[in-house]
Asker: 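Got a structure for you, written out below as structure tokens; questions coming shortly.
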2 protein chains.
Amino acid sequence: MTAGEASGRGPRARMVFSAAQLLRRGGVGATGMRDVVEHARAPRGSLQHYFPGGKEQLVNEAVEWAGQYAAGRVARFVAGLPEPTPSGLFAAMVRQWTDELARAGETSGCPVAAAVVDRADTSESTRTAAAAAFATWTGPLAGALTDMGVPAARAEALATVMISAVEGALLIARAERDVRALTTVARELGPLLDGAVVRH
Amino acid sequence: MTAGEASGRGPRARMVFSAAQLLRRGGVGATGMRDVVEHARAPRGSLQHYFPGGKEQLVNEAVEWAGQYAAGRVARFVAGLPEPTPSGLFAAMVRQWTDELARAGETSGCPVAAAVVDRADTSESTRTAAAAAFATWTGPLAGALTDMGVPAARAEALATVMISAVEGALLIARAERDVRALTTVARELGPLLDGAVVRH
DNA sequence: GGCCGTCTATGACGGCTGTCATAGTAGCGG
DNA sequence: CCGCTACTATGACAGCCGTCATAGACGGCC
């Protein structure tokens, strides 16, 4: 989700990407349409052309993009694991945030969380988009767990636990400007996750 | 955190309470000063009198209030438990949210989370206030765990896990407008929490 | 009565917001 | 050259925001 992913794509995709990026910082309220255009280095006139639904549509697509991004990372994390264990996968998910937090001043959060906090009660479509984003994230995550030997019945529940813990710990970590909460949940939840694996 | 807690106190306290209430709905951006005044049924002129620091001060105090409120609930939850176990305490914390979600349309979130999402990168004082709120919540929670037999070394870590899980699951629950994520983390984390108790 | 500190009332100001109306350009098939 | 579509440019608009300036009310205390 760092810079560099924006180049090469068209203006439309860049705007969605930039919107997601800015949502992570100050939420929906602090993310102006003009800011998105400038961040994406896109023409302002393209806004009403590509997003006739206005800010709501842009936010929704940014949330959708974030969900797909998170889902895609799951497979990459599994591939990068020396041996595929649930605790290892969870640690990798957490490490993505601790690494970003370790880089100077970077304390951005999750765009989906921002959308929920700012718009869940206001925009039904945004609320739905956020729910869909969580679902597209949970799917591959639960799939990875079952591949590691977690019974299908528990895999989805544990995937929800993993996402909840990461999102919540990220909130605390941003407030404290410290990775403590993130590393804590990774350490404490590891045994629980690995304990769900059934040997065969 | 429901209605009724506002009456009897002075206008100043009512405004802080109302600010926290409104923060839960739409975050900082959607919470206007005029909205707070109206919700608190307080005179508008009192704003610049009681909160010369402006909106930032009001938000910070609302966050601080929320932290103290959450801390106070911990003791009440423990007192209401038939037998004091970590899983029982966690279930009680979760139930507060599921109950509220079950009531029609109520999908408000946590004011501290809202402050973090919207202001963590903007206002240093608000970020600090949020970190303090989490700390005043974690303290009594860890204390309750040690009283139940959890070693002091792990109690604080598990308290962080509990808060992270609740905050994250609440995010998902608001998006889905369903208690699923909340009940899931309560069920899955119960054994882990109780397993930390050492018999004597 | 005169003074003062505490609190309230109200209108105004500049700035920013999302959105829209309108016009313009580029490229391409005919 | 025309016409059409896709895209861009730009200025304006109404509305809301947080903040401030100014003035008034109320009550106690010398």
Side-chain angles (χ1 to χ4, degrees), chain A residues 6-23 25-63 111 114-115 117-119 121-126 129, chain B residues 6-23 25-63 111 114-115 117-119 121-126 129:
Chain A
S7 47
R9 283 184 292 225
R12 210 204 118 104
R14 286 209 311 275
M15 284 191 272
V16 174
F17 172 81
S18 288
Q21 196 83 353
L22 293 180
L23 276 181
R25 300 214 227 291
V28 181
T31 302
M33 307 265 88
R34 293 163 173 85
D35 300 337
V36 172
V37 163
E38 186 185 11
H39 185 276
R41 267 184 293 265
R44 186 158 88 87
S46 298
L47 261 180
Q48 69 180 298
H49 182 70
Y50 289 120
F51 305 95
K55 188 175 188 177
E56 187 172 9
Q57 181 187 355
L58 180 57
V59 169
N60 292 358
E61 294 200 23
V63 166
V117 165
D118 289 337
R119 288 287 186 266
D121 283 18
T122 306
S123 164
E124 186 74 7
S125 71
T126 301
Chain B
S7 46
R9 282 184 291 226
R12 210 204 116 104
R14 285 208 314 273
M15 284 192 272
V16 173
F17 172 81
S18 289
Q21 197 83 353
L22 294 179
L23 277 181
R25 300 216 227 293
V28 181
T31 301
M33 306 265 87
R34 293 164 173 85
D35 301 337
V36 173
V37 164
E38 187 185 12
H39 185 276
R41 268 186 291 265
R44 187 159 88 85
S46 299
L47 261 180
Q48 68 180 300
H49 185 254
Y50 288 120
F51 306 95
K55 187 175 189 178
E56 187 172 8
Q57 181 186 355
L58 180 56
V59 169
N60 292 358
E61 295 201 22
V63 166
V117 165
D118 289 337
R119 287 287 186 267
D121 284 19
T122 305
S123 163
E124 185 74 9
S125 71
T126 302

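Note that this is a predicted model, so its numbers are computed, not measured. Order of the sequence lines sets the chain letters (A, B, ...), proteins ahead of strands, with each chain counted from 1.
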Asker: What about A:R34: does its side chain form a donor-acceptor pair under 3.5 Å with the base of C:dT19?
Answerer: yes

Asker: Side-chain contact test, heavy atoms from C-beta onward, threshold under 4.5 Å: evaluate it for B:R12 versus B:F51 and give yes or no.
Answerer: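 With C-beta onward as the side chain, the pair touches.
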
Asker: Does B:R119 reach the main-chain N or O of B:T126 with its side chain, forming a donor-acceptor pair under 3.5 Å?
Answerer: no

Asker: Please report the distance, rounded to the nearest Å, between CG in A:L47 and C1' in C:dG18.
Answerer: 10 Å

Asker: Between D:dA6 atom C1' and A:R12 atom CZ, what is the distance in whole Å?
Answerer: 14 Å

Asker: Find the distance A:Y50:OH to D:dT8:P and express it as a whole number of Å.
Answerer: 5 Å

Asker: Are any non-hydrogen side-chain atoms of B:V59 and B:E56 less than 4.5 angstrom apart?
Answerer: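 No. Closest side-chain heavy atoms not under 4.5 Å.
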
Asker: Would you mind reading off the distance between B:L58 atom CG and D:dG18 atom C1', rounded to a whole angstrom?
Answerer: 12 Å

Asker: Mind calculating the distance between CD (B:Q48) and C1' (C:dA9) to the nearest angstrom?
Answerer: 10 Å

Asker: Whole-Å distance between C:dT17 C1' and A:E56 CD?
Answerer: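 Rounded to the whole Å, the gap is 16 Å.
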
Asker: Round to the nearest Å and state the distance from B:D35 atom CG to D:dG18 atom C1'.
Answerer: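 In whole Å, D:dG18 C1' and B:D35 CG are 12 Å from each other.
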
Asker: Can you tell me the distance, in whole Å, between the CE atom of A:M33 and the P atom of D:dG11?
Answerer: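 Rounded to whole Å, this separation is 20 Å.
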
Asker: Taking the nucleotide of DNA chain C with the nearest heavy atom to each, does B:R44 or B:H49 sit closer to the 5' end?
Answerer: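 Closer to the 5' end of DNA chain C: B:H49.
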
Asker: Side chains of A:K55 and A:V36, heavy atoms from C-beta outward: is any pair under 4.5 Å?
Answerer: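 Answer no - side chains too far apart.
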
